[in-house]
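What follows is a set of notes on a single structure, which appears directly below.
Bear in mind the structure is a predicted one, so any value in this text is a computation, not a measurement.
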Amino acid sequence: MTVVTPRVARSRKAVLVLLRTATGLVLAAAALGAVYGLPGLVDAVVRLAGDVPALWEELTADRP
């Protein structure tokens, strides 16, 4: 049977707090990246959607 001393218990708690803090920071950074990146992504999709007919005509054009 393993004996957990108070020092080990405090160390485990400290590590868990650090892991939770790091996880929270990573999730917050991902959320901010999504929020700030979304307008650019939407703009790129809209531009691509506008170019699709011209690209299709170019791809399907009969070449002599």
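For the atom pair CZ (Arg10) and OG1 (Thr5), the distance works out to 8.0 Å, reported to the nearest 0.5 Å. Taking CG of Leu27 as the reference point, atom CG of Leu32 lies at 11.0 Å (rounded to 0.5 Å).
Salt-bridge formation is detected for the pair Arg47/Asp43: a Lys NZ or Arg NE/NH1/NH2 atom is positioned less than 4.0 Å from an Asp or Glu carboxylate oxygen.
Residues satisfying the side chain to side chain contact (heavy atoms under 4.5 Å, CB included) test with Val4, not counting sequence neighbours, are Val8, Ala9, Arg12.
Under the 4.5 Å side-chain heavy-atom criterion for grouping Ile, Leu, Val, Met, Phe, Trp and Tyr, Leu48 is not connected to Leu59 through any hydrophobic cluster.
When side chains are defined from C-beta on, Pro53 does not count as touching Glu57, because their heavy atoms never get closer than 4.5 Å.
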